[in-house]
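Worksheet: the structure to be examined is printed underneath.
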There are 2 protein chains.
Amino acid sequence: MLHAAGLFRKKGYAATTMRDIAREVGVEAASLYNHISSKQLILKELLLEIAQLFTEGMEAIKAEEMPSLKRMEALISLHVDITVSHTDAISLLPNEWVHLEEPALKAYLKLRDAYEKEFRAVLDIAIKEGQLEKLDPDIAVFSILSTLRWLYSWYSKYKDKDVEVLKMELIQALLYGISR
Amino acid sequence: MLHAAGLFRKKGYAATTMRDIAREVGVEAASLYNHISSKQLILKELLLEIAQLFTEGMEAIKAEEMPSLKRMEALISLHVDITVSHTDAISLLPNEWVHLEEPALKAYLKLRDAYEKEFRAVLDIAIKEGQLEKLDPDIAVFSILSTLRWLYSWYSKYKDKDVEVLKMELIQALLYGISR
DNA sequence: TCTTTAAACTAACAATTGTTAGTTTTAAAC
DNA sequence: GTTTAAAACTAACAATTGTTAGTTTAAAGA
């Protein structure tokens, strides 16, 4: 599973063969089927696991009582935590989900869209409360999420970076950089 | 070529077959070979054309005399212009370049790395001149480029948006949002 | 109208794909 | 030491892949 994630990241789902994965594991391709029932299922489990982590993280943050700006900070922390702990798998979110087949595709998109909607809701409140510069919320949410989505590739080059420092710097750049 | 770009974007290079492209064009797969000599060459031409556009744009901006902050603005405009005029092809830059074979791969990476280096140099000067908040330049360049890279997917949802307005908003969010 | 050239077609190829069937090995439980 | 179950193996399959060869059609120039 971890081997597959690394290969999917490096070559993409479609270009990764079961024989590639098997070679990485040190086994013949057919032997993989004693452990998983299809290539497609590997992708599904990887993507839905990450999506689940985000969904649960969002639930926890919504449940806790705090100012909306602190909520934004918590969301950024959440992205950093998942990126650090699941670097390969999270790299599949931006693009490889297109290879999901139904019904997994619908399930994944449902989680993703719900997450984005809630992310945006938190940002909207922060803007409405006047805690962030008055700028197009569309642009703001897109800009912040772009950076957080791409974080995995940046993090791979700075693996020794302290995670808490990274969180602070991102919070600074993405939130307080544009706060008044 | 444009058909191929659209399919590569939607399904990825590896998962797009020559028969897919042919169907889109309204022709049999073998007929494509009267016009291009291989699938790989389509990818190479698409990616290197975009890389060339960025390289030339950077050249032009470097050649002109202006304050470093205006230079950053010009770079953002460049990204927006290329994104708007080549939305499908630019979507291949973040991931699909991994399917380039040598020697095209080296050529592409050379252009990309040179561009990023020069982008970073412009930002460094702006920071050194005290025109931008004092923050980790690594994070700043990563954050700005992430947003600009993902712009194509955002733009696809807001195709009717005025391009000049979009440029201004992005400049505001990415630069003056963090200026002092 | 005839010739020529570009571009379409059909048919097929060799290689690679995900996956299955059937068999042998490994290793833990008794 | 035997039994049992998990997990490896070899061999093969049907489908799909990029691409080539050879042929027919379309269209433009003479």
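Computation of the quantities below employed the complete heavy-atom set of this structure, encompassing side-chain atoms and omitting hydrogens, waters and symmetry-equivalent molecules. Order of the sequence lines sets the chain letters (A, B, ...), proteins ahead of strands, with each chain counted from 1. The model shown is predicted, which means the values in this text are computed figures rather than measured ones.
With sequence neighbours excluded, no residue satisfies ring-ring contact (aromatic ring centres under 6.0 Å, His included) with A:Tyr155. Taking the side chain to side chain contact (heavy atoms under 4.5 Å, CB included) definition, one finds that B:Ala121 meets it with nothing, sequence neighbours left out. For B:His3, the side chain to side chain contact (heavy atoms under 4.5 Å, CB included) criterion is met by B:Glu24, B:Val25, not counting sequence neighbours. With sequence neighbours excluded, no residue satisfies side chain to side chain contact (heavy atoms under 4.5 Å, CB included) with A:Leu2. Scanning for side-chain hydrogen bond (donor to acceptor under 3.5 Å, both in side chains) contacts around B:Tyr158 gives A:Asp138, with sequence neighbours left out. Evaluation of the side-chain hydrogen bond (donor to acceptor under 3.5 Å, both in side chains) rule for B:Lys161 yields A:Asp136, B:Glu169 as partners, not counting sequence neighbours. A:Phe119 pairs by the ring-ring contact (aromatic ring centres under 6.0 Å, His included) definition with nothing, not counting sequence neighbours. Shown here are the side chain to side chain contact (heavy atoms under 4.5 Å, CB included) partners of B:Asp20, two or more places apart in sequence or in another chain: B:Leu7, B:Lys11, B:Thr16, B:Thr17, B:Arg23. Evaluation of the ring-ring contact (aromatic ring centres under 6.0 Å, His included) rule for B:Tyr13 yields B:Phe8, B:His99 as partners, not counting sequence neighbours.
Residues from residues 40-50 of chain B placing a heavy atom under 4.0 Å of any atom in DNA chain C do not occur. For the segment residues 5-13 of chain B, the set of residues with a heavy atom within less than 4.0 Å of an atom of DNA chain C is empty.
Here C:dT19 sits opposite D:dA12 as a Watson-Crick or G-U wobble pair (both hydrogen-bonding atom distances under 3.5 Å).
For the pair A:Asp20 CG and C:dT19 P, the computed distance is 14 Å after rounding to whole Å. Rounding to whole angstrom units, OH of residue B:Tyr33 and P of D:dT23 are separated by 21 Å. Straight-line distance from the CZ atom of B:Arg23 to the P atom of D:dT16: 11 Å, rounded to whole Å. Rounded to whole Å, the distance from CD1 on B:Ile36 to P on C:dA7 is 13 Å.
Ring geometry for A:Tyr115 against A:Phe54 counts as perpendicular: the plane angle is over 60°, on a 0 to 90° scale with 30° as the lower cut.
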Short heteroatom pairs, N/O only, protein and nucleotides 6-10 of chain D, under 3.5 Å:
{"from": "D:dA8", "atom 1": "OP2", "to": "A:His35", "atom 2": "NE2", "distance (Å)": "2.5"}
{"from": "D:dA8", "atom 1": "N7", "to": "A:Asn34", "atom 2": "ND2", "distance (Å)": "2.6"}
{"from": "D:dC9", "atom 1": "OP2", "to": "A:Glu28", "atom 2": "N", "distance (Å)": "2.5"}
{"from": "D:dC9", "atom 1": "OP2", "to": "A:Ser31", "atom 2": "OG", "distance (Å)": "2.9"}

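In this structure, B:Phe142 CZ and A:Thr147 OG1 are separated by 5.5 Å, a value rounded to the nearest 0.5 Å.
The residue among A:Met18 and B:Arg19 whose nearest nucleotide of DNA chain C lies closer to the 5′ end is B:Arg19.
Nearest to the side chain of B:Thr17, among D:dT17, D:dT20, C:dT19, sits D:dT17.
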